[in-house]
Each structure stands twice: as C-alpha cells, then as structure tokens.
J.: 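A single structure is presented below for examination.
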Amino acid sequence: MLFKPDLDTAKTAGKSVARSVARRIVSITLTLAILGGLGYVGWTALQQKQTASRGAGMPRDLPVPVLAATPRVQDVPVYLDGVGSVRALNNVVVRAQVDGKLISVNFTEGQDVKKGDVLGEIDPVIYKAQYDQAVAKKAQDEAQLANMRLDLARYQQLAASNAGSKQQADTQRAVVAQQEALVNADQAAIDNMQAMLGYTKIIAPLSGRAGLRQVDQGNIIRASDATGLVIITQLQPIAVQFSLPQQQIVRVNAASATGALAVDVFGNDGVTVVDTGTLKGIDNQVDPTTGTLKLKAEFPNANFQLWPGQFVNIRLKVETLAKAIVVPTSAVQRGPVGTFSYVIGADGIATAKPVVVTQQNETDAVIASGLSSSDRVVTTGFANLSDGAKVFIGRDDQTPSADLAPRKRTRAPDAASKDGERRGKKGEGDQKGQTGPAPAEGIAKSGSGAKSPP
C-alpha cells in the first residue's frame, strides 16, 4: 500500500513557515530603523558639540584684525608697455676700395675707434708709381703748352703787322686751347691716382666699436669682397625699435604732438630702469600680420647697458594724471558686480564701497571715483572680513612674514611630558606582550627602575 501525505497537514506547515519568515523580516526592519535613529541622534549631537566648541574658540563679537592705509594724492604718469629690440643707429661694413696686399692691421677686435682712424693699410707701391707717372705726364704737357703759347704770341704779332697770316694765328690759338685741355686731363688723372693712393689706407667712416676682424694681415684684399675688413657699430647713442597695439595709435599721436615723449628701458629683472631716452619716430603704417605699430626711440647708452640685437622691455610715457587718488593695489578687491574697497568708518565698521580703477600695477592703483583722500581702506585681513564687520587696525610691523625655510616644531613641556608618559605605558605593554627579547633601551630602562632580586 502506497504512502499518501495529508494535504491539510502540508498546508498548515507552509503557513507557519511563512508567518515565521514575515516576523523575522519585521523584527530586522525594526532593528535597523532603531539603529539608524540612534546613529542620526549621535551624529547631530556631535555636530552641535563641534559647532559649540568652534564658537567658544572664536567669539563673534571680537573685531577682525586688519591693516589699513590712507589714499595718497599725487601726480601719476601713464605708461604704455611694449617689447622691442636694440639696434645700432649706424652699422658699417668697412671694405677696401682698391685691390692689394694687406700689410698692416691697426686696430684690436672690440676696440672703440674714432672717425678718421686708420684701420688697415694696403701695399701702396703700385699706386704710388701710377701717381708719379700721372704727375710726370702733366709736367710734359705743361712744357708743350708753354712753347705753344710762345708760338701763338709770335703769330699774333706777325698778323698784326700784316707780315703773317691771320689764319695761322687762329690755328695756333686752337692748338693752345687743345693743349690746355690735355693739361687739365692730366690733372684729373693725378687727382684720380692720388685718391687711389689714399685708398690704400682703410679709414674708419664713423666712430663706434670695431667687431671681429674678417681678414688677417698678409692676405690679398679686394674691393669686391663681401665680408670686408671689419664691421663698426655705433653704440652711443643707440636705438630701440618696439611695437605697440594698433589701438594706441591715436593716443600716441596725440601725446607726441605736445612734445618729445620719454621712453624707459628695463634691465634683465624687468623692474630696474637702465636707461631713459626719447621717442624719435613712428612708422607710417600698421603691420597687418600682427596688428601692431612700430616705433623707434633713441637712448644715450652712457654705460653701454644696451647692446645691438638685445630684446628689452620698454614703457612709453604718454601723459600724467594730475592730483590723482592712489591706493595700494591690495586695497582693491573684485566682486560679482565689479571692483570695491573696504572703507573703515569712524566707529571702526568696515563698509564695502564700489570704486572705479583708472590704472593699476603691482603696487599702486589709481582710483577715478569711489574714494576720497580722507578715507581709510583695508589692505590686509580680508579672510574673515565682511561688509559691516567691526575691525581692529593693527600696525605694519604686525604683518606676518613667510618663513624662507620650514622650522622644527616644538611642543609645550606639559604636552611633551604627557606624550612621554603615553609612550612609556605603551612601551611597557609591548614589552609584556612580546615573545622575543626586549630592546636594549627597554631593558636598561626597566633595569634601572626595578630592584634586583636577592
């Protein structure tokens, strides 16, 4: 006989299992809810405690320490900045004008030479002989001219007494004129040969500094040589060619119409003015590739601070703002609606006021409107400052200075002693629990503190 399970009993068992699972889910859900609520309550209490501690450490009624300054009234120059390159006013390649052997070089590389100095000499033997030949030829023609003039005088006397032909006298007069022209041609040849002889001495055409020698003594030098003997560059005065944006054309032209404009050139640090000159020329067209206008300034270069080919930063003075209000640049702050400054009232309350800045640099800012010369503006201490906050004005010597190198941190004696006690206790616990041999330092310390056994 086969076994047949009771269907009612199986249904009853299934319902009991489902009820037990449901009870467990409900209990787990309640437990998680209770734990979440307790965690939220604890976190809220912790946040309130931290807020209270911060509030206790930084009372809200204390004034904010700041540094302040009073605006200055002064004349402020307006500059236009640019970048340019140094160029020599005159740069000459000294070449020979005649061919020949270079027999002497009379300068040193890098030497300052003056106009008219003899830089080198070419062998003059050939040119001296040609000069002497031209002089001799003139002397020969002058002797013939003298004889022809005597013949002309005789023919004129004979023609006057009808003893000779007038045609012969006229012919002799033409011969004398022809010989005079020949003598003049001889003189021109002498002048030419004298010039050629003079060209055997290579003369400096201007004052400046000689560069590196291109031809050594003993070589054959020719007038057609492209390199020449040396290059002379004029260093005093010297020029700087720079560029400005095309938007400044009208401003520069208006300023230059009133007189010569001053130009400053900076050194390698970009701060020190090494020389001051004047604007000499403005180009007649804008460079279409860069949209800039070229200008040229001249500098005395007394101490040879500027060198041809050097790139420099310059500034061009276009005008001067008379009696302008100037504040430190740090006093000007930028907000969502523009620039503003904190002005300290008589009651020590800082108020944010909008200002209009005409121009500013790393140190000073020119204020067009918004401030007066009697105001006091905040320059340092903006971290905890807000509109309407009470401030405490400190002194300039209280400004914190940055350390050039990190310093070793030191602890207070109480903190050091407590830290030592904690480390000591931790060391004792480690020694009790360790299975290997204790460190020598620990053994020494424990041996010094414990009594030796009998």
Side-chain angles (χ1 to χ4, degrees), residues 82-124 127 194-243 260-269 272-284 294-316:
V83 178
S85 60
V86 182
R87 297 188 176 184
L89 288 179
N90 295 291
N91 195 20
V92 177
V93 180
V94 181
R95 296 185 176 92
Q97 294 178 273
V98 294
D99 299 344
K101 180 181 178 181
L102 186 63
I103 61 175
S104 67
V105 176
N106 302 330
F107 69 94
T108 305
E109 295 175 332
Q111 173 188 349
D112 290 329
V113 298
K114 295 182 179 179
K115 182 179 180 180
D117 290 347
V118 179
L119 303 179
E121 294 184 19
I122 299 175
D123 191 359
Y127 302 99
Q194 187 176 7
M196 299 294 286
L197 182 60
Y199 289 156
T200 59
K201 292 184 177 181
I202 303 175
I203 307 299
L206 55 83
S207 298
R209 176 156 301 186
L212 301 180
R213 185 176 66 250
Q214 304 296 326
V215 181
D216 297 332
Q217 180 178 344
N219 289 300
I220 300 298
I221 189 170
R222 303 182 185 277
S224 59
D225 292 341
T227 58
L229 176 63
V230 70
I231 298 176
I232 297 179
T233 302
Q234 183 179 355
L235 300 179
Q236 292 178 335
I238 203 167
V240 174
Q241 181 175 311
F242 60 96
S243 300
L261 301 182
V263 183
D264 297 330
V265 60
F266 293 95
N268 295 330
D269 57 358
T272 305
V273 177
V274 297
D275 207 351
T276 301
T278 56
L279 183 66
K280 290 298 182 181
I282 303 175
D283 199 4
N284 57 2
K294 294 180 181 179
L295 299 93
K296 186 177 182 180
E298 185 176 317
F299 297 86
N301 198 25
N303 299 323
F304 299 101
Q305 306 95 333
L306 304 178
W307 213 253
Q310 177 184 2
F311 288 96
V312 292
N313 295 322
I314 64 95
R315 65 180 183 184
L316 174 64

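This structure is a prediction, so every number in the text was calculated from the model and none was measured.
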J.: Tell me whether Ser85 contacts the main-chain N or O of Gly309 through its side chain, where contact means a donor paired with an acceptor under 3.5 Å.
T.: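 Not confirmed, Ser85 side chain does not pair with Gly309 backbone.
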J.: Can you check whether Leu235 reaches Pro308 side chain to side chain, under 4.5 Å on heavy atoms?
T.: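 Yes; the side chains approach each other to less than 4.5 Å.
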J.: With heavy-atom distances below 4.5 Å as the criterion, would you say the side chains of Ile220 and Arg222 are in contact?
T.: yes
J.: Show every donor-acceptor pair shorter than 3.5 Å between a side-chain atom in residues 103-111 and any protein atom, with sequence neighbours excluded, or say none if there are none.
T.:
residue : atom : partner : partner atom : Å
Glu109  : OE2  : Arg213  : N            : 2.9
Gln111  : OE1  : Thr108  : N            : 2.8

J.: Report yes if some heavy atom in the side chain of Trp307 is under 4.5 Å from a heavy atom in the side chain of Ile238; otherwise report no.
T.: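 No, every pair of side-chain atoms sits at 4.5 Å or beyond.
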J.: Tell me if a side-chain donor or acceptor on Gln217 pairs with a main-chain N or O of Leu102 at a distance below 3.5 Å.
T.: no
J.: Please give me the minimum heavy-atom distance between Thr276 and Pro300, naming the atom from each residue.
T.: O-CD, 3.5 Å
J.: Taking CG in Asp269 as the centre, count heavy atoms belonging to other residues, nucleotides or ligands within less than 6.0 Å. Is the count above 12?
T.: yes
J.: Gln234 side chain to Gly208 main-chain N or O, any donor-acceptor pair under 3.5 Å?
T.: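 No: the side chain of Gln234 does not pair with the backbone of Gly208.
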J.: Please name the pair of heavy atoms, one in Val92 and one in Pro205, separated by the smallest distance, quoted to 0.1 Å.
T.: CG1-CG, 3.7 Å
J.: Where do Ala204 and Ile232 come nearest, in terms of heavy atoms and distance?
T.: CB-CD1, 4.0 Å
J.: Of all heavy-atom pairs between Ile122 and Ala96, which one has the smallest distance, and what is that distance?
T.: CD1-CB, 3.8 Å
J.: Measure across Ala88 and Thr233 and return the closest heavy-atom pair with its distance rounded to 0.1 Å.
T.: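 Answer, listing the atom of Ala88 first, then Thr233: CB-CG2, 3.3 Å.
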J.: Which value, rounded to the nearest 0.5 Å, describes the distance between Asp117 atom CG and Ile202 atom CD1?
T.: 13.5 Å
J.: Supply the atom-to-atom distance Asn219 CG to Asp225 CG, rounded to the nearest 0.5 angstrom.
T.: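 The CG atom of Asp225 is 10.0 Å from CG of Asn219, to the nearest 0.5 Å.
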J.: Testing Val240, Asp264, Leu295, Asp275 for side-chain contact (heavy atoms from CB on, under 4.5 Å) with Ile314, which one passes?
T.: Val240
J.: Tell me every residue that passes side-chain contact (heavy atoms from CB on, under 4.5 Å) with Val274, counting only those two or more places apart in sequence or in another chain.
T.: Val265, Gln305, Leu306
J.: State the CG-CE distance between Asp99 and Met196, to the nearest 0.5 angstrom.
T.: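 Taking CG in Asp99 and CE in Met196, the distance rounds to 8.0 Å.
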J.: Is the shortest side-chain heavy-atom distance between Leu279 and Phe242 below 4.5 Å?
T.: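 Yes; the side chains approach each other to less than 4.5 Å.
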J.: I'd like to check Val118 versus Ile203 (side-chain heavy atoms, cut-off strictly below 4.5 Å). Are they in contact?
T.: yes
J.: If only atom types and distance count, is the side chain of Gln97 paired as donor or acceptor with the main-chain N or O of Arg95 below 3.5 Å?
T.: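 No, because the side chain of Gln97 does not come within donor-acceptor range (under 3.5 Å) of the backbone of Arg95.
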J.: Has the side chain of Asp123 got a donor or acceptor atom that lies under 3.5 Å from a matching backbone atom of Lys101?
T.: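 Absent.
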J.: Got Arg209 and Asp112 here, is their nearest side-chain heavy-atom distance under 4.5 Å?
T.: yes
J.: For residues Leu89 and Pro237, report the shortest heavy-atom separation together with the two atoms involved.
T.: CD1-CG, 3.4 Å
J.: Return the NZ to CG distance between Lys294 and Asn284, rounded to the nearest 0.5 Å.
T.: 11.0 Å
